[in-house]
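Please read the structure below before turning to the comments.
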Amino acid sequence: MAGLIARRCVALVAVLFGLALIVFVLQAVVPENPARAMVGASAPPQVVAQKARELGYDQPLPVRFVDYMERVLSGNLQTSLRTREPVLSNLETFAPATLELALAAAVIAAAIGVSLGLLLAAGGRLARVLRTVLIGGASVPTFLSALLLILLFYSTLHLLPASGRVSDTLVVPTGPTKVLLLDAVLHGEPNVVWSVLTHLLMPAFTLALIPALAIARVLASSCEGVMREDYVRTARTKGLRERTVILRHVLRNACGPALTMSGLQFGLLLGGIVVVEQIFAWPGLGRYLDQSIAYADFPAITGTTLILGTAYVIVNFLVDLAQAWADPRIRTV
Amino acid sequence: MSMATRPTDLQGIASAPSPAGAVAGTGGGVPLRLFGRRRPVALGAAGGSVRSALMPIGIVTLLAVAAPLFATHSSLDVTSAGPFHAPSFAYPLGTDEIGRDIFSRVLYGIRESWLSALGVITVGALFGAFVGALAGAFGGLVDMVLMRITDLFLALPAPVIAIAVIASIGPSLFHTLLALSVVWWPWYARIVRAEVRAHASRPHADAARLAGVSRARLVARHLLPAALTPVVVTMSLDVGNLILALAALSFIGLGAPPPAPELGAMSAQGLEYLLAYWWVPIAPAAAAALLALVANLLGDRANRRLDQGRT
Amino acid sequence: MTHRRALLAVLALALVVVAAGCGAASTTTSSAGSATSASSTSSASHILRIPYLADMSVPDPDIFYDIEGNSVILSAYEGLLKYAPNSDKIVGDLATSWSESPDRLTYTFHLRPNVHFHDGSLFTAQSVIASFKRRLNVNQAPAYMVKPIASMTTPNPLTLVVKLKEPVDPFLDYLASSWGPKMIGPEALVTHAGNNFAQTWLQTHDDGTGPYELTEFARGRQYVLARFEGWWGAKPYFEKVLIKITPDIDTQQLELENGSVDAIMHSFPAANLSSLPSSVKVLKYPSYLRLLLYVNTHKPPFNNPAVRATLRAAIDPAKLVAEAYSGTGTNSKGPFPEELLSNQPTLPYAPNPTVAAEGVKKASTKSIVLGFTADESGIQRRVGEILQAALEAAGWQVTVKEVQLPQVYDYINDLSAAPDLLLQTNTPDAANADTWSRILFFKEGGLNFLGFNNARVNSLLEKSRSASPAESEKLEREVGQEVVNENGIFFLGNIDNVFVLNKELEGVEQIPAYPWTVNYASLKRG
């Protein structure tokens, strides 16, 4: 196990380096002159040239890359052109909201995915109908499913709010985690907890639709595969109830790929986040990225990409480790 | 953005854990395993799965390409009915905010979206297959280097990278498709490599080698065709997702610029009229959903055939 | 068998989608707006909720130069002068009266007594000097307004005497402008100076004299304006204004219809105005916002004046405005906003397909790029597409490109890479013809994106700022005529200020020179 962890760590570092490299390359091909964007449109050419020198844009690419790596590793992600604040502090402000949304979506996706996956593996007409319905739901463009949900649950049924993380009439605890749900629970404020939950439900559900489908499919498929295995047949002939068979033998062996898929889906979730955060006015990294793109704010775009990429890589790394711990047969990989 | 669901490769590659399975190490990501319990499958049986995936895709592609033939108006001209005309006999899906016939635009959009998606996936699949075949056939250092690069791309969040790419080089349909191809190919490399390696140790491959068949020929004639099935199945599952990914990018403003009749762009640009003239965004979104649905269902069916063929 | 099921599912999905769409259409025509228990509602409360589509840049009055966000600045800060509601008449704000010397070089302002900053300190003539100086030091876009000042003196704490270097015709308009110099508490400027004249502190705080205080600036989420109990004016009805960043216009519309927000102040899709429920009312006022089409005169094909001139025949501004703005826009009658200059030269636009086609034939290249600045309401894109259709009908091959504002500011550095045509919506900095021509037509104008450079216009404008008002008007008319003749900028339409409000809101006071906002202090729930 230790060897596995070590190997995986090396791979992790390599991947993170590659991520930084790709982001640097993207930044380098940008045609606009960022120096001008930083000093303002009406600045005279000498000021622009000076700023460019300051930023090191007149240096050859390899030198710039080294500077960039030094900068990034020391946590300096430059200053946002739009907010005029350090990108890192902007990311710190917006990351918890996205984290909360992503976690909630992951929980919902797992719940729907696993239940549906099991149902599908069990077979039957209900399963097939459900599968088609879920595929249908996952085929609608996210922005449309978001708006339709708002139309239904907010505008027509008046059950859930359309935007924001929490009701603006409540005093929100500025707690330790900045994840409002956790903070509210920690501070023992049921009103806030309820408000956060109602605000979280629709955006998280919208985000969860597609991953749920993916997880369900993978789980169903691997369950079906496992169920054809000899040891499952053995368990059945031993007279165990079907439910025990499924839960104890099938699920445990089949959950590997589904777990991997969940980790991968986390990254794909990140794509839906820009759309969902816009429609539900969720003040997270997706919104920040979107506004940065609209403003051609390249320091912010690169900073956000680095953070999201790193988060994704780390999540998959942990999923990998978890899988290896759960299934010893993988450890020799 | 819904760049989701590639269950096939995982199901095919990492399914049915079995002690008999040989293990191919890569590092980071999905642990690659071969099929332990697999009965040697003749190409014919696996070919059934390919056929079941390719034929419907082929049919849909033909339909998509032919769709604009049914258009009653041009996709770009402004009609005499003016903007926001409700669906009627002359304009079955109404007119949009500029006065263009939505029905015709949707038909053109079906072609454009489907072909764009197919294009990205084909490019990604071809490139990925090439990389995977090289890695699987040569093994050793070549394999390791190529797979590390593949792992890097696999390890990165595709949507974020795609957005970053487009933001850097500027939005246009071509740039968007390019960015998507860049993030889409690694899966196929993985699949093809796994299949190539699996079959490389098979008796018929040994026989070919003994007969003096060159390595290139070995790969091309004997190993790659086996990889075709999971690749095609994955492609068919991906088409739907790519259409939705294009739609999501258009929503952010990074998709096809106007007046391109691309379904995602049409839907995103018409979204603000949802509450007053709902057909403007819903018609193209429904068409995109339909395409994605069809692709998903077809892919699903082919996928399950593949699974059944395996065990 | 699975096929049939699939088909049924597809049909069911389609039905659901269509039903929801119809539901959308019908909920908007029935009266909604009842208080919902799930969302925090605005009805019957002293809290005003207004959505913004995007963050404002910073709430620092010496940096802020955009439009969305001016309601924050105008609620927290005040200047010496302002405009009277629904007019371009200058009235006093923190100055109760003023006089101008005959040579128009010296202005004397008598200041309002007993005015306090939000930090409690007293407003005096010295505060004005400190604020003006700070604007010069920060030296961002709006700094030009105070640059003509030669010296300032305070004979007594409530009198300020300003001496200019040379006569500046629009000087009083600068002081009344939405982006004009605002009074910032001098003590705060000292305490929080840091090393950048308090710019860091003012990114998230305010210290003005206005009716509301900025108590929270949560970027990306919301801004909170709390009623300032020490304000010198009549106590506002609303004790809090919550400005919520809601980037999606559909979400904004739904929230307005259901009472979660009180008003949408701009970018409401004009096409949707006719299908609103009865809980909501629409108020429309003229503004100085204008839709412009810049032409790149520095590269082919439009560096050829004859080809440029045929654009007059290729576009139909009347039809364009009618289609894109659905009754919230009118045709431009001259190069300046109509209210700012009388007897303007007329605009010679007359659609004529033959002439338009001839222009294309004469052109050295047929393929052109039309850029439009991305805006959240989508109207610019729509106008761009309509223009594209019109130009293509004449024979041009038009690529429409969405561009971002920072890029637009950068075009001046490489005009050969800039688009051939650029769509923009602009407003003059103040209700004075000079603040329009100088930013647009002058060779170094801040909004002169494609480098329009006409020697005669430049020399006329150099004369006009220090000329007498009557002389200045004459010069501006000549400038206008020259600009129209040159075909370097096309004036497509005037855009109204459209407010969509909860029908209970009364006391709406708007000023054409301050687009996209109303006076929050005068609003009340009737």
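Protein chains get the first letters and strands the later ones, always in sequence-line order, with residue 1 at the start of each. What's counted below: heavy atoms across the whole structure, side chains too, no hydrogens, waters or symmetry copies. Please read all numbers here as calculations on a predicted model, not as lab measurements.
Contact of A:Phe143 with chain C is not made at all, since no heavy-atom distance falls under 4.5 Å. Interface residue A:Arg287: only side-chain heavy atoms are found under 4.5 Å from chain C. Proximity to chain A (any heavy atom under 4.5 Å) is shown, for C:Asp55, by both the backbone and the side chain. For chain C, no part of A:Leu170 is nearby; none of its heavy atoms comes within less than 4.5 Å. Contacts between C:Gln203 and chain A at a heavy-atom distance below 4.5 Å involve the side chain alone, from C-beta outward. With a threshold of 4.5 angstrom between heavy atoms, C:Gln252 does not approach chain A through any atom at all. Both the backbone and the side chain of A:Gln278 have a heavy atom closer than 4.5 Å to some heavy atom of chain C. With a 4.5 angstrom heavy-atom cutoff, A:Ser163 touches chain C via backbone and side-chain atoms both.
Ranking C:Lys240, C:Arg221, C:Arg219 against chain A, the residue ahead of the rest is C:Arg219, based on heavy-atom pairs under 4.5 Å.
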What do the steps show when you test A:Ile150 against C:Asp250 for side chain to side chain contact (heavy atoms under 4.5 Å, CB included), and what is the final call? CA-CA 10 Å; A:Ile150 294 183; C:Asp250 285 296; over 6 Å; no
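Taking A:Asp297 as the reference, nothing meets the salt bridge (charged side-chain N to carboxylate O under 4.0 Å, His left out) condition, with sequence neighbours excluded.
The CG atom of C:Asp60 lies 8.5 Å from the CZ atom of A:Arg84; values are rounded to the nearest 0.5 Å. The CD atom of A:Glu277 sits 13.0 Å away from the CG atom of C:Asp248 when rounded to the nearest 0.5 Å.
With C:Thr251 contributing its side chain and A:Ile279 its backbone, the two residues share a donor-acceptor pair below 3.5 Å.
Surrounding CZ of A:Phe205 are at most 12 heavy atoms belonging to other residues, nucleotides or ligands under 6.0 Å away.
The minimum heavy-atom distance linking A:Phe94 with C:Gly220 is given by the pair CE2-CA, 4.0 Å. Closest of all the heavy-atom pairs between C:Asn258 and A:Ser155 is ND2-OG, 3.3 Å.
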